[in-house]
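Predicted, not measured: the structure shown is a model, and the values here were computed from it. We name chains A, B, ... by the order of the sequence lines, and we start the count at 1 in each one.
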Amino acid sequence: MTIIGSQPWRIGALIPEWARDPRVVTTARFTVAGIIAFAVFSIILLLDRANPITAVWEMFESALGGEFGRSEVLVKLVPIGLCAAATAVPARAGLINVGGEGQFHIGALFAGGLVLYSGAPDLLLLPLAVIGGAVGGALWAGLAGGLRVRFNLNEAISTLLLNYVAIQLVNYFVFGPWRDPDAFNWPFTADFPSAAIPPGFWAGRVHAGLILVPIVLGVLFLVFRYTRAGYEMRAVGGNALAAARTGIPTGRYLFWSLVAGGAIAGLAGMAEVTAIQGRLRPGISIGYGFIGFLASWLGGHRPVGVLFAAALFSVLVVGGDSLQISAGLPGSSVNILMALMLFALLAGRRNTAAVRS
Amino acid sequence: MSFIPDVATGSLRSGSPVLYATLGELISERAGIINLGIEGSMLAGACAGIIATAETGNAYLGILAGCAAGGLLAVVHAFMAVTRGANQLASGLALWFLGLGLTAFFGRPYVSANIDGLDRIALPGLSDLPVIGPVLFEHDVLTYTVIPLAIAIWFVLFRTRWGIHLRAVGEYPEAAFAAGINPQLVQYLAVCAGGALAGIGGAQLSLGLAQSWVEGMTNGRGFIAVALVIFAMWNPLRAVAGALLFGGVLAMQLQLQARGVAVSPFLLEMTPYLVTLAVLLFWNRASRHAMPEGLRAVFRGTG
């Protein structure tokens, strides 16, 4: 990061000392980006003759103003926070994982398959689902990782294309072999046994899967900050050639960081189908993988930043649902707001490729 | 019986929108900017095409609107990538998300709109030829223009001064600058032209093929276009082959479904993506030598 006003004749010299603190600069940058994003979003709402002030107020009010809204924010934080982490881990090694959506679906598929057909005793169902979700997501990401390391196939393109394959794979099973004959022709699998459903707590649909978010982000924080692997991974992401020269096995880091990201996204899929859906069906994701991708970039791929960004996007998703009901705006119009926020931030930071610690 | 001609017709019909997007992405990448937001530009074109057609009753104005919408959306990416030096892959994906949201928002009143889409024009005389007549000469206007357009783009890129300037910027912007070219201007124009072409492709998808607007209807065709550019080794003529191959797989899959073949339609629907990946895998090594120098950093993930 460049130090503002390092030369006295620059405009930066006019900025007082306290405002040069990186935390102040970061806060200011996020505030300005947020203001720009909301301003552009307001203009778009005005074009549709909607009142932007009431619409935005309504969004935050419905998401944060009551217990139901707040509980739904926590429910959405599970898939969004985990999918953001799924992008953040490979991003440390300089990889672009846009496959969160596909890894989420395959994680859900593996978890659902094990819960329904493993025949394991009740006590083991939930642990099996957790392992299955992580393994499923890891395999799907590992496919892209292998293609990248072995054949130098760009992972952004392969993970993007594999998303569409993964979604159809889930459709194949729920419309085909796993369809519940008692579901009145609906494309649903049988309901999961209650032993496979994570217990709920506090209010609404909040469930035990929520603990995965602090666990995963906490582990990442420690790994990134204190371990050799975290350090070497960043070296690979910063300059792979230099890292290779110093003897770091770059290929291994590229592959395993993608696999780790995939496992985390798979956990998100597992949590969603076991705790929220209670069975497999089409359309288990509203684009959590992609929302997580944007959140990871917004949070600078750092665990704390990712948590804040994921929480913000969870609020927007819940608020967007209420916009749909009250103002008749499509729920996906909050996608506009999320994209605008990332644009405003990307435009403010010059050359964002390098990950800062 | 008529399976092969039907697939051939469908290959042209489904391949054409993807070819527009592929050509657009190719121009942009030749200038050194990779734009994953081409998927968003396609969506913008599809949506704007329907809106303009529904409002004016003229599908040709719809094409123009689609072209303008796709190009305008791409300006955002040009600003991020060229002026601000932001990560091109992240900016492109955010652009796709922006397009997804904007089209859902503005397209909502038009979801079930009744429109007079693009008519299929049977070329007099030629369309009466046995077998190849209906295959080659009963298409909408955009399918007729796409292959000549590919040839024209090839000519401009490789046989004119403009083309040399564009490619120089994509290979070595510093040298282009030293030669008196404004690299930023060239990149802006290339990215916008790319978005505009993708917008035309999107408009063909909604006005010609589907004759309606569905949220997210491009379904990854823009991303497939990005893959096809690599397969095409950044050459517009090879892009024609790639798009026809993709269109053929899509058409074959639809024909098999229509004929009630006992394979799950969901497995069939994966095939275009899997074939694209396989093709990419096969040609990736060969095409690396053809990659514009300016793209290398982006593909390595350090851009």
**Student:** Chain A: which of B:A104, B:P265, B:G99 shares the most heavy-atom pairs with it under 4.5 Å?
**Tutor:** B:A104
**Student:** Within this structure, what is the CG-CD1 distance for the pair B:L98 and A:I44, rounded to the nearest 0.5 Å?
**Tutor:** 6.5 Å
**Student:** Shorter than 4.5 Å, heavy atoms on both sides: which option in A:F290, A:F293, A:F151 has the most such pairs with chain B?
**Tutor:** A:F290
**Student:** Taking atom CH2 of A:W256 as the centre, does the number of heavy atoms from other residues, nucleotides or ligands within less than 6.0 Å exceed 12?
**Tutor:** no
**Student:** If you define the side chain from C-beta out and look only at heavy atoms, does anything of A:L153 sit under 4.5 Å from B:I230?
**Tutor:** no
**Student:** Mind listing the closest non-hydrogen atom pair of B:F97 and A:M338 along with its distance?
**Tutor:** CE2-SD, 4.4 Å
**Student:** Contact part of A:L147 toward chain B, heavy-atom cut-off under 4.5 Å: side chain, backbone, both or neither?
**Tutor:** side chain
**Student:** Which heavy-atom pair separates B:E39 from A:Y164 by the least distance, and what is that distance?
**Tutor:** OE2-OH, 4.1 Å
**Student:** Determine which residues belonging to residues 167-174 of chain A lie within contact range of chain B, meaning some heavy atom pair is under 4.5 Å apart, and list them by number or answer 'none'.
**Tutor:** A:Q168, A:L169, A:N171, A:Y172
**Student:** Considering only heavy atoms from C-beta outward, does the side chain of B:F105 approach that of A:L45 to under 4.5 Å?
**Tutor:** yes
**Student:** Could you tell me which of A:D48, A:L342, A:L160 has the largest number of non-hydrogen atom pairs under 4.5 Å with chain B?
**Tutor:** A:L160
**Student:** A side-chain contact here means heavy atoms from C-beta on lying under 4.5 Å apart; do B:L277 and A:V165 qualify?
**Tutor:** no
**Student:** Please report the interatomic distance CE(B:M270) to CG(A:L162), rounded to the nearest 0.5 Å.
**Tutor:** 11.0 Å
**Student:** Could you measure the distance from the OG1 atom of A:T87 to the CG atom of B:L93? Nearest 0.5 Å is fine.
**Tutor:** 10.0 Å
**Student:** Hey, what do you get for OG1 (B:T276) to CD1 (A:I157), rounding to the nearest 0.5 Å?
**Tutor:** 11.0 Å
**Student:** When rounded to the nearest 0.5 angstrom, what is the spacing between OG in A:S333 and CZ in B:F106?
**Tutor:** 10.0 Å
**Student:** Check A:A339 against B:A94 and note the closest heavy-atom contact, atom names and distance.
**Tutor:** CB-O, 3.5 Å
**Student:** Measure distances from A:L161 to the heavy atoms of chain B and classify the residue's part below 4.5 Å as side chain, backbone, both or neither.
**Tutor:** both
**Student:** State the CG-CG distance between B:L89 and A:L95, to the nearest 0.5 angstrom.
**Tutor:** 11.0 Å
**Student:** Any side-chain heavy atom of A:V98 within less than 4.5 Å of one from B:F223?
**Tutor:** no
